[in-house]
Colleague: 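Structure incoming, see below.
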Amino acid sequence: MIEELATLFEEYRILGAFWVTVQLTVLSAIGSLIWGTVLVAMRVSPVPVMRWFGTAYINVVRNTPLTVIIVATSLGLWQTMGVTMGAERFDTIGFRLAVLGFIAYTACFVCESLRSGINTVQVGQSEAARALGLGFAQVLGHIVLPQAFRSVIGPLASVMIALTKNTTIAAAIGVGEAALLMKEMIENEADLLFLITGIFALGFVCLTLPTGLILGWISNRVAVKR
Amino acid sequence: MTEAASTGPMIKVTDVNKFFGDLHVLKDIDFEVPRGQVVVVLGPSGSGKSTLCRAINRLEPIDTGTIEVDGRQMPKEGNALAALRADVGMVFQQFNLFAHKTIIDNVMLAPVKVRKLKKTEAHNTAMKLLDRVGIANQAQKYPAQLSGGQQQRAAIARALAMAPKVMMFDEPTSALDPEMVQEVLDVMTDLAKEGMTMFVITHEMGFARRAAHRVMFMSDGEIVEDTTPDDFFTNPKSDRAKDFLSKILTH
């Protein structure tokens with residue numbers, strides 16, 4: 001089995017494919033944290049049209065299957081509307097569109113986690129901030145969101161783990177990440193099915209387990225003492 | 001504190017009414033607070049005194065009437081409201097210190113973000129204020145590490161850091177253990193002596209007698225008596241005030 005394993009790693013770019021998975025995950029994570037924060041600010045804002053947009057966005061995007069979103073970025077944005085995200089090469093376009101789709105989708109879950117975090121911040125905190133003369137954006141940015149973030153790092157870790165595994169859907173539009181390579185390897189080396197599946201399952205555990213552990217540790221460190 | 005050009009009353013409340021659904025919580029409230037006056041509001045719980053205090057800086061909206069602070073009517077919302085609130089210091093029953101910030105950062109936040117002071121300047125003022133309320137040595141701690149009395153003194157320092165024209169106190173000692181009440185009242189008494197305009201809701205009769213210029217007694221959403229502390233405690237006129245005092249002073 002050791003020999004077969006060595007051959008597989010020699011003939012296929014397994015580490016390279018996982019590197020693409022990592023890139024998809026990290027870029028989408030950063031983007032979805034930012035966009036999710038913007039969405040939650042809209043959902044709690046005093047402006048009705050922003051609240052309406054935030055709620056409508058969440059309800060539409062969260063309830064659409066991720067595969068549909070990812071395929072739509074490729075068929076709709078790129079092939080129909082000609083959006084190439086500033087890239088020229090086929091695989092780069094697919095990669096960037098996939099990141100866009102993951103951000104659009106994952107931000108919904110970031111937003112809803114944060115919104116539950118906002119509910120854990122006592123009303124008195126924002127009242128005290130308003131009484132000092134801080135405006136809505138300042139109250140949210142300096143007082144409410146920092147406390148909300150600290151209380152939802154656990155749930156956000158789950159969102160990030162789900163995102164890591166969701167990046168396999170990028171295979172649907174031909175992005176060369178781990179799942180696409182696995183499919184190719186299983187087709188070519190059908191007799192090594194279990195070994196190949198094991199490699200990729202273990203590979204994802206190696207990516208997601210530390211995410212959970214590190215974020216759990218951070219969650220304890222930054223917890224707001226009341 | 002900052003002296004405005006106008007010499008009219010600091011707070012002017014005219015015909016204010018407020019409802020919570022069918023409940024009429026503020027009934028035709030009408031009064032003025034001159035500059036430098038210390039007003040203590042007394043009354044049984046549910047009499048509307050807390051709502052009145054919160055209405056003055058519009059943490060509670062009112063249904064009819066007007067409230068003016070230093071000659072300017074409270075705006076409904078937006079930046080103008082935030083600017084006027086910055087001039088009204090507020091101290092809460094539950095302290096409401098920002099739980100994720102140290103004491104010094106609590107005090108510095110609004111001067112830096114709202115008044116746009118430089119950090120070093122805000123830090124110096126904050127340390128002076130913390131020293132004045134006797135907790136300069138707690139500056140680097142988080143609110144949860146302080147006793148209730150220390151937290152409330154920090155909250156007073158935080159409000160004072162904005163150099164407010166008037167200070168509102170909404171039952172500042174009601175959430176404290178008995179042995180910590182005095183240290184907070186001492187800070188408030190000093191503030192009163194320095195000429196700060198104060199609007200204090202409290203159950204501390206000793207403070208009302210000692211530091212107040214004026215006592216307003218509220219019951220069922222109305223101001224029933226409005227007089228000097230001496231007059232109120234020795235010669236209450238209404239039955240509701242007599243009843244309230246008999247319940248409090250027998251203990």
Side-chain angles (χ1 to χ4, degrees), chain A residues 33 37 40-52 113-156 215 217-226, chain B residues 53-54 56-60 76-102 105-116 141-146 151 154-155 157-170 175:
Chain A
L33 283 171
T37 308
V40 81
M42 286 185 186
R43 289 207 76 172
V44 300
S45 98
V47 186
V49 70
M50 288 178 114
R51 275 206 306 275
W52 178 86
S113 297
L114 274 176
R115 209 157 63 93
S116 75
I118 286 177
N119 292 334
T120 69
V121 181
Q122 285 162 355
V123 182
Q125 297 280 308
S126 58
E127 280 190 347
R130 283 191 287 150
L132 284 167
L134 275 73
F136 170 77
Q138 289 177 317
V139 174
L140 199 64
H142 294 299
I143 306 302
V144 176
L145 279 181
Q147 296 190 50
F149 257 110
R150 285 157 207 241
S151 67
V152 296
I153 291 177
L156 280 180
L215 287 177
W217 177 75
I218 292 175
S219 176
N220 285 331
R221 284 216 45 178
V222 301
V224 178
K225 289 157 205 80
R226 294 209 172 91
Chain B
C53 183
R54 291 161 57 80
I56 289 175
N57 69 356
R58 230 191 142 75
L59 286 176
E60 292 284 355
K76 286 229 166 5
E77 53 202 51
N79 292 336
L81 175 60
L84 210 57
R85 274 179 178 153
D87 289 336
V88 180
M90 179 96 183
V91 176
F92 299 86
Q93 183 177 350
Q94 297 296 339
F95 329 135
N96 292 345
L97 290 170
F98 305 132
H100 63 304
K101 289 183 177 291
T102 58
D105 287 342
N106 263 272
V107 181
M108 283 169 61
L109 179 78
V112 171
K113 299 298 174 191
V114 179
R115 297 266 192 248
K116 310 290 179 198
K141 292 190 182 168
Y142 285 89
Q145 296 169 292
L146 268 58
Q151 286 191 53
R158 178 177 68 178
L160 288 175
M162 294 298 281
K165 293 172 177 168
V166 52
M167 287 282 285
M168 319 284 300
F169 294 84
D170 186 1

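Chain A is the first sequence line, chain B the second, and so forth, proteins listed ahead of strands; every chain is numbered from 1.
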Colleague: Kindly compute the distance separating CG (B:Asp105) from NE2 (A:His142), expressed to the nearest 0.5 Å.
Modeller: 11.5 Å
Colleague: Counting heavy-atom pairs under 4.5 Å with chain A, which one of B:Val88, B:Asn57, B:Leu81, B:Leu97 comes out on top?
Modeller: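 Looking at each of B:Val88, B:Asn57, B:Leu81, B:Leu97 in turn, B:Leu97 comes out on top.
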Colleague: Select, from B:Met90, B:Arg115, B:Lys113, the one with the greatest count of heavy-atom pairs under 4.5 Å involving chain A.
Modeller: B:Lys113
Colleague: Please determine, among B:Met168, B:Lys101, B:Arg158, B:Gln94, the option with the most heavy-atom pairs under 4.5 Å with chain A.
Modeller: B:Arg158
Colleague: What distance do B:Arg58 atom CZ and A:Arg130 atom CZ have between them, rounded to the nearest 0.5 Å?
Modeller: 11.0 Å
Colleague: Side chain, backbone, both or neither: which part of B:Asn79 has a heavy atom under 4.5 Å from chain A?
Modeller: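 Neither part.
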Colleague: Would you mind checking which part of B:Tyr142 comes under 4.5 Å of any heavy atom in chain A, side chain (CB onward), backbone (N, CA, C, O), both or neither?
Modeller: neither
Colleague: How far does CE of B:Met162 sit from CG of A:Leu132, to the nearest 0.5 angstrom?
Modeller: 6.0 Å
Colleague: Starting at NE2 of B:His100, measure out to CZ of A:Arg150 and round the result to the nearest 0.5 Å.
Modeller: 6.0 Å
Colleague: At a heavy-atom separation under 4.5 Å, does A:Gln125 approach chain B through its side chain, its backbone, both, or neither?
Modeller: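 Both backbone and side chain.
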Colleague: Of the listed residues (A:Val224, A:Val222, A:Ile143), which shares the most heavy-atom pairs with chain B below a 4.5 Å separation?
Modeller: A:Ile143
Colleague: With a 4.5 angstrom heavy-atom cut-off, is it the side chain or the backbone of A:Ala223 that approaches chain B, or both, or neither?
Modeller: neither
